[in-house]
Amino acid sequence: MYGVSQKAERHGRGTVIADVTQAVEPPATQALDPRLLAAMLDAMPTRCAFVDRDHRYVWVNRAFLGFRGLGADAVVGRHVADVLGRDLYESHLPFEARLMRGETVRWEGWVGYPAIGRRYVQEWLAPYFVDGAYVGALAFGRDITDLKAHEGELAQRLEALRRSEALNAAVVSSALDCIIVIDEAGCVLEFNPAAETTFGLSRADVLGKPIGDFIVPHHLRDRHAAGFERYIRTGERHVIGRRIEIEGLRADGTIFPVELTITEVKLPDRRLFTAHLRDLTAAKEAAAEIEKQRGHIHQIEKLSAMGSLLAGVAHELNNPLAILIAQATLLKDKAPTEDVRRRAERIHAAAERSGRIVKSFVAMARQKPPRREPTDLHDVIRAAAEMTAYGRRSAGIALHLDLAETVPVVSADRDLVGQVVANLLLNAHQVLVDRPDPREIWISTRLAPDGVVLEVADNGPGVAAAIREKVFEPYFTTKPVGAGTGIGLSISRSVVESHGGRITLADRAGGGASFR
């Protein structure tokens with residue numbers, strides 16, 4: 001490699017090997033301009049370097065220098081051990097024999113860099129021969145530490161370099177990212193294997209054809225064509241030279257997120273544009289999963305807060321309920337008339353029921369299963385309807401019961417299920433108060449193959465699709481301040497699910513909402 005390194009030219013932060021591309025016979029189809037090749041190498045986000053057989057750096061690209069935080073003078077001409085550290089250098093020595101046999105080496109793992117620390121990298125080493133003699137190795141490196149942290153594992157594969165390919169074709173074909181080169185007419189000059197895999201298109205099918213017809217989604221093609229034409233005509237740039245996120249189109253019609261960088265290469269007789277693209281699908285999916293888990297944790301925290309609230313409320317209610325039960329018992333025993341005695345019995349029964357509900361709330365807060373017993377669901381429905389009847393009658397709201405003739409006895413906590421029905425009736429009442437007549441609520445039951453269906457429906461405004469998934473969340477409410485706490489439906493769902501059931505929301509035929 002000594003002859004080549006002596007003829008190398010320095011340009012800015014790196015060194016361009018001017019004679020390497022001339023040492024290899026160009027491909028039979030088309031050879032890339034050396035300046036275009038150099039520009040492509042420097043524009044690659046993947047780290048790239050050429051090391052001679054004496055293990056000294058002959059050339060490195062900008063990504064390599066940026067990763068190490070060094071200038072070209074601190075790398076080019078220096079020994080690998082001086083730049084990367086003795087341990088990393090010695091770990092790669094066993095690869096040299098394979099490289100000299102013409103093998104391409106792929107390696108990935110954790111690496112400790114001086115002054116940088118541990119990073120997870122993917123690395124490809126490809127041999128380079130001149131006149132059959134091994135003169136050095138091409139090294140491609142990519143840092144995927146962040147992806148490893150988010151995704152756990154990243155399985156990226158790259159086609160092995162074919163030993164008979166020339167250096168310029170090997171660089172493009174072995175890149176991890178999609179590399180697409182187009183001319184001033186927007187027609188494809190290069191479409192590397194990564195682009196073929198990502199977009200599901202073969203290189204032969206796209207060469208010489210407008211790139212916008214293949215990888216640009218239909219709804220973006222007019223904007224793409226207008227922007228490209230404007231840049232060619234005026235030089236006004238909005239995308240070139242920037243790293244942006246856009247949408248790409250696969251051959252099967254699917255649209256996916258892409259990170260794009262476009263570099264302009266000015267040649268004496270024309271301009272070319274090199275695009276580096278990276279599929280962001282996996283990264284986006286990992287971010288979405290993290291956000292989903294964050295939302296799940298948030299719901300758990302709200303449920304925990306609700307449990308603490310229920311436990312506190314239950315504790316505060318126990319004493320006044322005990323007094324209410326005692327006074328109702330005394331009133332019943334000393335009632336002067338039969339009518340007063342019946343009223344006292346109703347107060348006593350309601351107070352005892354409230355006490356059982358309080359105990360059930362405490363059990364829910366402590367995540368204890370409900371106390372289940374054989375229960376006539378229709379009795380529960382009628383009791384809840386009677387308990388909430390006064391408010392409906394005062395507001396002029398009609399209640400219709402459509403209860404199936406044959407519904408089996410269910411195993412349930414009578415008080416908790418009754419509280420669910422009462423809560424649904426009260427919610428329907430509240431949404432109908434300001435509505436014009438007729439204002440109606442329907443309760444129906446029917447036997448289904450997997451259980452008993454209880455439905456509470458109304459002819460109110462219904463629930464907007466945008467918030468349907470939120471109505472069962474703790475503390476979510478559409479009611480004005482002071483009119484609701486946002487825990488009724490959340491408690492109802494907890495009760496139903498603790499019985500092995502489920503509660504859903506749907507539109508009612510004819511308008512309104514239906515809770516099943």
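We count residues from 1, following the sequence as given.
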> Which heavy atom of R118 sits nearest a heavy atom of W110, and at what distance?
Replying inline: NH2-CG, 3.2 Å

> Any Lys/Arg nitrogen of E497 or R502 sitting under 4.0 Å from an Asp/Glu carboxylate oxygen of the other?
Replying inline: no

> Is a side-chain N or O of R392 found less than 3.5 angstrom from the main chain of T388, in a donor-acceptor match?
Replying inline: yes

> Looking at C48 and F140, what are the two nearest heavy atoms and their distance?
Replying inline: SG-CE2, 3.7 Å

> Salt bridge or not for R343 and D339, using N-O below 4.0 Å?
Replying inline: yes

> Taking atom types as modelled, is there a side-chain donor on H218 or R221 under 3.5 Å from an acceptor on the other?
Replying inline: yes

> Side-chain contact, heavy-atom cut-off 4.5 Å: R47 with V121?
Replying inline: yes

> Any side-chain heavy atom of F199 sitting closer than 4.5 Å to one from L249?
Replying inline: no

> If you draw a 6.0 Å radius around CG in D437, do more than 12 non-hydrogen atoms from other residues or ligands fall strictly inside?
Replying inline: yes

>> For F191 and F214, I'd like to know if the aromatic rings sit close, meaning centre-to-centre distance below 6.0 Å.
In response: no

>> Under 6.0 Å from the ring centre and within 45 degrees of the ring axis: does the NZ or CZ of R508 meet both conditions for the six-membered ring of W442?
In response: yes

Using distance only, find each side-chain donor-acceptor pair of residues 376-387 under 3.5 Å and give its atom names and separation, not counting sequence neighbours.
| from | atom 1 | to | atom 2 | distance (Å) |
| --- | --- | --- | --- | --- |
| D376 | OD1 | H378 | N | 2.9 |
| D376 | OD1 | D379 | N | 3.4 |
| H378 | NE2 | T445 | OG1 | 2.9 |

> Is there a side-chain contact between V407 and L403, using heavy atoms and a 4.5 Å cut-off?
Replying inline: no

> What's the spacing between W107 CH2 and W124 CH2 if we round to 0.5 Å?
Replying inline: 11.0 Å

> Do P45 and E259 have side-chain heavy atoms sitting under 4.5 Å apart?
Replying inline: no

Side-chain donor-acceptor pairs under 3.5 Å in residues 509-516, sequence neighbours left out?
| from | atom 1 | to | atom 2 | distance (Å) |
| --- | --- | --- | --- | --- |
| S514 | OG | E455 | OE2 | 2.4 |

> Do V111 and R119 come close enough that some side-chain heavy atom pair is under 4.5 Å?
Replying inline: no

> Does some side-chain heavy atom of L220 sit less than 4.5 Å from a side-chain heavy atom of V216?
Replying inline: yes

>> The test is side chain to side chain contact (heavy atoms under 4.5 Å, CB included); show your working for E440 and D458 and say whether it passes.
In response: CA-CA 6 Å; E440 299 175 289; D458 61 72; over 6 Å; no

> Quick one: does T254's side chain have a donor or acceptor within less than 3.5 Å of a partner on R250's backbone?
Replying inline: no

>> For a side chain to side chain contact (heavy atoms under 4.5 Å, CB included) check, start with the C-alpha distance between H499 and D413, then their side-chain angles and the critical distance, and finish with the verdict.
In response: CA-CA 8 Å; H499 283 76; D413 187 312; 3.7 Å; yes

> Going by heavy atoms in the side chains, are E247 and H219 under 4.5 Å from each other?
Replying inline: yes

> Roughly how far, to the nearest 0.5 Å, is the CG atom of L424 from the CG atom of L426?
Replying inline: 9.0 Å

>> Set out, in order, the CA-CA distance, both residues' side-chain angles and the distance that settles side chain to side chain contact (heavy atoms under 4.5 Å, CB included) for I180 and I215, then state yes or no.
In response: CA-CA 11 Å; I180 302 174; I215 71 170; 3.8 Å; yes

> Hey, is the main chain of A412 close enough, under 3.5 Å, to the side chain of T375 for a donor-acceptor pair?
Replying inline: yes

> Are the side chain of E196 and the backbone N or O of R203 linked by a donor-acceptor pair below 3.5 Å?
Replying inline: yes

> Would T337 and R341 count as having a side-chain donor-acceptor pair, cut-off 3.5 Å?
Replying inline: no

> If you look at every heavy atom in A428 and V431, which pair is closest and at what distance?
Replying inline: O-CG2, 3.1 Å

> Going through the checks in order, is the side chain to side chain contact (heavy atoms under 4.5 Å, CB included) test met by I211 and F273?
Replying inline: CA-CA 11 Å; I211 190 62; F273 301 90; over 6 Å; no

> If you measure only the distance, is there a donor-acceptor pair under 3.5 Å linking the side chains of D279 and T198?
Replying inline: no

> Out of curiosity, L425 CG to I397 CD1, how far, rounded to the nearest 0.5 Å?
Replying inline: 10.5 Å

> Counting only heavy atoms not in R446, do more than 12 fall under 6.0 Å of its CZ?
Replying inline: no

> Looking at C178 and A195, what are the two nearest heavy atoms and their distance?
Replying inline: SG-CA, 3.6 Å

> Taking all atoms of both residues into account, what is the closest heavy-atom pair of S91 and L88, and its distance?
Replying inline: OG-O, 2.7 Å

Side-chain donor-acceptor distances from residues 324-332 under 3.5 Å, at least two apart:
| from | atom 1 | to | atom 2 | distance (Å) |
| --- | --- | --- | --- | --- |
| T329 | OG1 | I325 | O | 2.8 |
| T329 | OG1 | H348 | NE2 | 3.1 |

> Which distance, rounded to the nearest 0.5 Å, do you find between the NZ of K284 and the CZ of F256?
Replying inline: 13.0 Å

>> With rounding to the nearest 0.5 angstrom, report the NE2 to OG1 distance, H276 to T263.
In response: 6.5 Å

> To the nearest 0.5 Å, how far apart are CZ in R439 and CG in N459?
Replying inline: 9.5 Å

>> Checking the side chain of T274 only, and the main-chain atoms of V181 only, is there a donor and an acceptor separated by less than 3.5 Å?
In response: no

> What is the minimum heavy-atom distance between V463 and D507, and which atoms define it?
Replying inline: O-OD1, 4.5 Å

